[in-house]
Amino acid sequence: MATKRPDGIYPYIGTDVWGERLADAVENTCEQEGVIPPPRSAITEGLATALGDTEIKKIVATSRGKKVLTPSAWRTLQSGEDKVLLLLCDVHGAATVPWDLNDRTVSSWAPPSSEATQRVVELVAAEADLANAEKAQKLAEKERSARRRAPGDDPHAASALAAAEEKYAQATRRVREAERAKSALLAALGQRRPRPVVRAAEEDGEPKAALVLAEQPYDVAFHIHGYAVENLRRSGKTRGYDLKESMVAAGQLTRGMSVLQQWQVTNPDGTTSRLWRMVAVTANNRALARLDIFDLRSEYLVTGMPQAAVPLPKGPNDPTLLLLNQREILNRVSHAFNDAGALETTEPDHKALRAMKIATVPAEIVIGCNNPIALEHVLRALNVNDHLRGIQPYDEDARLISLFATLVDAYAKEGKLGPILAETFPTAQGTGLLDLVGVREALTANGPLDPLASLLPVDEKVTPAALRDIAIRAITALVFPDVPPAGPQTGKRQVRDTGPYWPIVKAALQEAPWSQVRSKTAEARTRLWSAAVAQLFLHRANILSALGLFGTGEVKEGSGQDPRPLKELLLGVEAGDAMAWAALVRRMAPALIHAPEPLITPGQGSEAGGTRKGVRRTPTNALAALTLAYTETVPGVSRELLLAFAQSVLHHPDATQAPEAPGGGLPVCYGESLWSEEDRTPIVPGMVLAPDLKGDATAFVADKEWFDHLFPPELGRSARSGGDTGGEGASSDSTDQADDATTVQGQAPPSDPRDRLAELRRELPARIELAEGIYQRAVEAANALLADFDEASRLRSRLGEEPLPADQRIQWMERLASARTTAQASATVLSQVETLILQV
């Protein structure tokens, strides 16, 4: 027998018939405005099931025999070239869930990967195992307590107590093991979760104005969304007032923007649920506060609501049944709240009375756009823009990441993103073929790094380490753009030409003019750079670990990066080039900071306090010591050790398995070799094995104790008198070397001829490979020049144009003849080298 619905302020959702009419109205209005609507199922299952029956009737009208939206029910929003159509209506107060991709919690997410996703699955299982172990421990503890209180005349009391004690000890060991397994998985995830990846929803193979998540198991979907809600709630604690009580008292006064998103959840029985929900692009905290007031869990709304959580007063309420239909969930909520609100015995603090001001809330819902592929980026940018100019405080990391996204968008809007990347990577194989949208997503860690492959040289393989290096160099160039050199001094007042890129950075970051750059500006820029680079790493360390790496010189004049690619720098290091090592150390700095065992940490206090509080060193001191170790004689350090260490550090973020000791088994952190096994840090993927003098891996993990032991602070301090060692182009040679005779690479030659011969035999193979790469690029440049001249000759003949002036042609021929003479001379030198190879 049907139960009559009680009257009240909480709305009841419209029927399927009105849902179809709303879908017709949305599609027809989108067609009129020239935008693409969401999938029809998104409208009928995610939008119509969140609106009251009277609300749909209010916003749908008939025009020329077609259902359309009333003119007052929608508006358009223009963001650059992107156009978004928004529906203005009142939705059920419990119909919107927080968005996982809220920019206030962006620093809580790790880069997405298949390995990280698998670790989340293992983490969910480990959490369940820990919960079961803790439950068994509590039962064992109760049994032990009962045995201890047993009568003393029981002849079996002693044996029963001993059995209970043993059972409790086993349960405790199981809890400890479960906790250690969970801690290891959290450490492997960098204490974070992989960011959910959304894409444009599709219907009949065409992208639509809605978002969809990849398919995931029920437990993982529940865990990930719960993690997002937890971090959103944490970020909301910085608010200067109680948001829930404010909404109870005054309701929601402004509209929040929402978009339709689909969760694809694989249930334990093998079936797949595809649930459309509205997610709050803006007003995420308010959406979460409303659900808290309604006493509903956001995780249940996106994975399935247990029937027992929203029971009916009469009728079956199966606690194991999950409600997937949003209409039924919200109707049950409204039925219960209207029923409780009508009773005089209801307490004033009952949720049915506290939620009266948010029974319905005003909202703007995305129902169309002209470019669905860019919809996520547009919505993210709008949210960032609102937050950066709002009064609600950001977490520092999240604010800087959002500010960097604004900077990248500013470059793209001014049409300067491609040119600055072309200048930064002169040896790139295809800067003219860049997918700038993909590059923008890659640099802001909202997409894969694959679009950056065009910035690699032709002779360098596409690897994760190479792409990450390209991304770091690109971020550095965007944050510290090069400024044209100052002109000659004329004695008159001159206005410095800051080039095409400085004004973009100044406007986006709202900084003072170029002439007023001070140390505070350099520190703010360095923080921004550090936060942007940290997004590329799974293990995110303190972004303050980079303070001091850039100064006012880099801010005013540019980063001045070494243009050589990563492969060429490694070959240069192997060939004995100290300048290449100095540049490589700068490239390694982010990987040294963002590692499972950070090797560079923020400077803490005075370095003179090392005797009182342990080793105290700044990040610049650590980099200076590592740089000087290449040219100075340091006990326990060799060129082979440094090269092996650099290669391991650059590749550690890509590791998927925990390192193994050379003799088998798990290694131990260098500083924990004397610790008990239970107290040691779990060995997780990404940890680097410390190399020995020959460059072979040892059984120890390189941690800060190992780094400070091999590269002590005193080594970095000794470089202070030798000038600035922070820039990539700065010489890392020590000024107090006793012998003035040095090699081309900046190191004094060994006094023993045998040592010098052994050193040359180690370095010459790398030098041959470097020369081979240089000649290969020269040949490619000559072929490209030939093709261009051939095309120019054919075009002149076809068009009948006059030839170039004779003096210009003579000038070009003289320059080419000079280049050909140089090439012939170098070929003669190479022939001599071939002869000498037989004698080495």
Side-chain angles (χ1 to χ4, degrees), residues 416-436 438-443 447-478 480-482 533 536 558-591 643 646-647 649-651 653-654 728-729 745 763-788 819 822-823 826 830:
K416 300 296 185 181
L417 185 57
I420 192 174
L421 293 178
E423 293 181 14
T424 305
F425 303 97
T427 60
Q429 55 184 324
T431 52
L433 304 176
L434 279 177
D435 174 15
L436 293 181
V439 169
R440 182 175 60 183
E441 296 294 311
L443 296 181
L449 299 180
D450 297 342
L452 301 177
S454 299
L455 298 176
L456 289 170
V458 178
D459 58 343
E460 187 161 4
K461 294 181 180 180
V462 179
T463 62
L467 292 178
R468 187 167 49 253
D469 178 69
I470 289 290
I472 293 173
R473 291 171 62 191
I475 291 172
T476 306
L478 296 180
F480 301 99
D482 290 336
V533 168
L536 305 175
S559 58
Q561 299 183 83
D562 193 308
R564 287 177 286 183
L566 191 61
K567 175 184 176 182
E568 191 171 336
L569 286 181
L570 288 170
L571 286 173
V573 171
E574 191 175 353
D577 186 355
M579 303 294 287
W581 174 252
L584 187 63
V585 169
R586 298 285 290 186
R587 301 275 186 90
M588 291 164 55
L643 183 59
Q647 291 175 335
V649 166
L650 290 170
H651 292 88
D654 312 317
E728 287 191 354
Q745 289 73 28
E763 296 176 355
L764 286 176
R767 296 187 191 181
I768 292 176
E769 191 169 350
L770 282 173
E772 182 183 3
I774 293 172
Y775 273 92
Q776 181 64 34
R777 288 193 293 272
V779 170
E780 292 173 357
N783 289 333
L785 190 64
L786 174 62
D788 291 341
T822 303
S826 66
L830 290 180

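Residue numbers run from 1 in the order of the sequence given.
- What you find for Ala646 and Trp581 is that their closest heavy atoms are CB-CZ3, 4.0 Å.
- Contact check on Arg586 versus Asp562 returns no salt bridge, with no Lys/Arg side-chain nitrogen under 4.0 Å from an Asp/Glu carboxylate oxygen.
- Smallest separation of non-hydrogen atoms from Asp577 and Met579: OD1-N, 3.0 Å.
- In this structure, CG in Leu455 is found 11.0 Å from CG in Asp469, a value given to the nearest 0.5 Å.
- Atom CG of Leu421 sits about 7.0 Å away from atom CG of Leu443, to the nearest 0.5 Å.
- Here CZ of Arg564 is found 11.0 Å from CG of Leu570. Values are rounded to the nearest 0.5 Å.
- Separating the CD atom in Glu568 from the CG atom in Leu584 is a distance of 12.0 Å, to the nearest 0.5 Å.
- Note: Leu566 CG to Ile472 CD1 = 9.5 Å, rounded to the nearest 0.5 Å.
- Between Ile420 and Pro481, the closest side-chain pair of non-hydrogen atoms falls below 4.5 Å.
- For the atom pair Leu456 CG and Lys567 NZ, the distance stands at 11.0 Å (nearest 0.5 Å).
- Put simply, the side chain of Arg468 reaches to within 4.5 Å of the side chain of Asp654, judged on heavy atoms.
- Screening Thr476, Ile475, Ile470 for a side chain to side chain contact (heavy atoms under 4.5 Å, CB included) with Arg473, the sole residue that qualifies is Ile470.
- The two atoms that bring Leu434 and Pro451 nearest to each other are CD2-O, 4.0 Å, heavy atoms only.
- Closest approach of Pro426 to Thr424, counting heavy atoms only: CD-O, 3.2 Å.
- The heavy-atom pair separating Leu417 from Leu478 by the smallest distance is CD1-CD2, 4.0 Å.
- Nearest heavy-atom pair, Gln429 versus Pro457, reported as atom, atom and distance to 0.1 Å: NE2-O, 4.2 Å.
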